[in-house]
Amino acid sequence: MKNYLRQKLSEALSNIGADKIEIQFDIPKDEKFGDLSANIAMLLAKELKLPPRKIAQDIVDNLKLDPAKVSKTEIAGAGFINFFISDDHYRKVVPEILKLADDYGKSSHNTGKNANLEWISANPTGPLHTGHGRAACLGKAISNLLEWTGYNVTREYYYNDAGNQMNNLALSVYSRYMQIIEPDYEFPEEGYVGGYVKEIAANIYHEKGDSLKGKFDKDYFKSEGEKFTFELIKATLDRMGIKHDVFFNESSLYSDGTIEKTIDDLKEKSLAYEQDGALWLKMNPEEGFQKDKVIVKSSGEPTYRLPDMAYHIDKIKRGFDLIVDIFGSDHGDTYKEVLYGVKKLGFDESKIKVIIHQMVTFRVGNESVKMSKRSDKVYSLDELIDDIGSDAVQFFFIMRGANTHLDFDIELAKERSDKNPVYYLQYAHARTCGILRNAEEHLNDIASSTDENDLIKLLEKPDEVRLLKVLGRFPEEVVNSADSFEPHKIINYLNELAESFHRFYHNNRIVDAENLDLSHSRILLCKATKQVFKNGFDILGVSAPERM
RNA sequence: GCGCCCGUAGCUCAAUCGGAUAGAGCAACAGCCUUCUAAGCUGUAGGUUACUGGUUCGAUUCCAGUCGGGCGUACCA
């Protein structure tokens, strides 16, 4: 419909000699301003040196619109041109939804393109905690959104099982193991204190007895720790329906020489220099960087920046059309340094889209929940799922835009009542299912003899038309949401859909054996609504319960 | 100090590219169940969009400054 109007408007514009402007539409907030609104007259006012309303009138006079599509055109306010789209056009959305079913809302403007989404990427030193939750849920929804617009998406997890933190894990496990044998054995000050470490130690003791006593076999304890921890992480992801296609191990960048190569390239292009025994990346103050950054420590170990650069270069070389990274604002500055290095090495970093989400504050009622990595009182993601369920976790984490601080009220999320926004949507879906069950029961063999295309013509009450309009908007909402990487827009949309549906339900009897054709037309509307809820939930990664 | 993000109703948050009277939910108040799920619906009240300037037909949105909050400012990741 937008394309149709755009076409007609540009014809009209060329008639009045102003065809060089991009035509855009708004959906007015208020129904009395029509279904679509164009502001071109105001934009042209300056150029043509004419009052906007006069220009709008000239444009409308030159418009030739099909009355079957557009029932009314009017000029309002400062010079808005408002279009009223015919109800018939909206009614067609019902058979379309029913035909496309699970594909309604999918588009193809990114078909043939490859996207890579990397997220979570926690190192295997412990289970995921609630701090990982927001990125986890955002990534899941965004990867789905990208797929809905046609991308072939590779879901990737980047991790490092080398380095100090893993040595720390090995030592922590060993200490717990020794404590089984000698309760007074000293635990390292910086060690991982989580209960899972004791569990790993107990498993080892169960299998090996005290045969490992006294000799710290680092590699063995490390690999046992890693195996166990990664299983914990994967199990949690599995509970949330998150599946990665690629687990990219940082150490592969060392073994295949990529790191060495990157260092050589940096030196060759004079982007890095040695000082105080360390290798420094030269940063340009004019591009907003304060000081140079160390990429190889004087100990010879690289800082995270070097492998991160190498990793992103690797992703670029793999030929993705879009590369998305998601992380928290505590990493907000570091990615810029990494991308800076990638760019200076001559790679096109413009394909890389970084999504930064702000931190999450958890609270129970009015009390905030403090979480510290160094204490054993870490609130794990698993516990959160246990407490409030996977759907609510997913929903609460993506309910708000990523760059606003999220206030996560665990008490509210736990509540199985009307206070909880998750249930508002799921209830609406369950209600459509209930109605359809009822229809089957009471209308069992009474099929309508009327054709589907004639049945939908009976949908003419304001509540019905309103619902039709909302249903028809779903595909463009998906595109908007995907293009801006903002899944919360889908939630806002579904809220509107639920609202329209509940109102329709409340004011109209749907299953009515006395009014067979009307019943069947409304059942079609119900089915279409149910389908759109389901598709929206699929994108978000939330279940669509049939009963509640 | 500097950099990034944020500041919208009592609370949690929306608001498409700068659009018309800034919207939802919760909390408050008043109504609606002998009929398909009341986890719902209808209505009332609630705002100087932190503040001050600027840009323009028009600013919650863009720019500058002030105040307030979060994160970062490592030879940690």
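Note that the structure is predicted; figures quoted are calculated from it, not measured. Per chain, numbering begins at 1; letters A, B, ... match sequence-line order.
- With hydrogens and angles ignored, a donor-acceptor pair closer than 3.5 Å exists between the side chain of A/Ser37 and the base of B/A20.
- Residue A/Tyr311 contributes atom OH, which lies 15 Å from atom C1' of B/A77 at whole-angstrom precision.
- The phosphate of B/U16 has neither OP1 nor OP2 within less than 4.0 Å of any side-chain N or O from A/Arg473.
- Checking B/G19, B/U37, B/C4 against the side-chain heavy atoms of A/Tyr427 singles out B/U37 as nearest.
- Taking CD1 from A/Ile352 and NZ from A/Lys315, the interatomic distance works out to 7.0 Å, rounded to the nearest 0.5 Å.
- A/Asn160 and A/Asn123 share no side-chain donor-acceptor pair at under 3.5 Å.
- Neither side chain, A/Tyr493 nor A/Glu476, offers a donor N or O lying under 3.5 Å from an acceptor on the other.
- RNA chain B is contacted by both A/Ala76 and A/Asn480; A/Asn480 maps to the nucleotide lying nearer its 5′ end (nearest heavy atom per residue).
- The interatomic distance linking A/Lys29 (NZ) with B/G18 (C1') rounds to 11 Å, in whole Å.
- Between A/Phe230 and A/Phe247, the angle of the ring planes goes over 60°, which puts this pair in the perpendicular group of the 30/60° scheme.
- B/U8 and B/G3 are spaced 23 Å apart, taking the P atom of each and rounding to whole Å.
- A straight line from CG of A/Asn123 to C1' of B/C76 spans 11 Å, rounded to a whole angstrom.
- The stretch residues 499-510 of chain A touches RNA chain B through A/His502, A/Arg503, A/Tyr505, A/His506, A/Asn508, A/Arg509, A/Ile510, each having a heavy atom under 4.0 angstrom from the strand.
- Distance check on atom P: B/C6 versus B/G10 gives 23 Å, rounded to whole Å.
- Of the residues in residues 389-409 of chain A, those with a non-hydrogen atom less than 4.0 angstrom from any atom of RNA chain B are A/Arg400, A/Gly401, A/Asn403, A/Thr404, A/His405, A/Leu406, A/Asp407.
- Considering every non-hydrogen atom in both A/His429 and A/Pro545, the closest pair reads ND1-O, 2.9 Å.
- Across every non-hydrogen atom of A/Ile23 and A/Arg6, the tightest pair is O-NE, 3.2 Å.
- Contact between the side-chain N/O atoms of A/Lys293 and the OP1/OP2 oxygens of B/C75 is not found at any separation under 4.0 Å.
- Within residues 272-279 of chain A, the residues having any heavy atom closer than 4.0 Å to RNA chain B are, in order of number, A/Asp276, A/Ala278.
- Ring geometry, A/Tyr335 versus A/Phe327: the interplanar angle falls from 30° to 60°, so the pair is classed tilted.
- Using a distance-only test at 3.5 Å, with no hydrogens or angles considered, no donor-acceptor pair links the side chain of A/Arg547 to the main chain of A/Cys433.
- Residue-to-nucleotide contacts include no donor-acceptor pair under 3.5 Å from the side chain of A/Thr303 to the base of B/C75.
- A cation-pi geometry, defined here as NZ or CZ lying under 6.0 Å from the six-membered ring centre and within 45° of its normal, holds between A/Arg431 and A/Tyr505.
- Once the 5.5 Å centre distance and the 30° plane angle are applied, the aromatic ring of A/Phe80 is found stacked with the base of B/A20.
- For a distance-only test at 3.5 Å, the side chain of A/Asp26 fails to qualify as a donor-acceptor partner of the base of B/A15.
- Using the six-membered ring where Trp is involved, A/Phe362 and A/Phe408 have ring planes that are tilted, between 30° and 60° apart.
- Ring planes of A/His244 and A/Tyr157: perpendicular class, angle over 60° (limits at 30 and 60°).
- B/C33 adopts a syn glycosidic conformation, its chi angle falling within 90° of 0.
- Between A/Tyr304 and A/Leu43, it is A/Leu43 whose nearest contact on RNA chain B lies nearer the 5' terminus.
- Heavy atoms only, all atoms of each residue included: A/Gly133 and A/Leu381 are closest at CA-CD1, 3.9 Å.
- An OP1 or OP2 oxygen of B/C76 is reached within less than 4.0 angstrom by a side-chain nitrogen or oxygen of A/Lys297.
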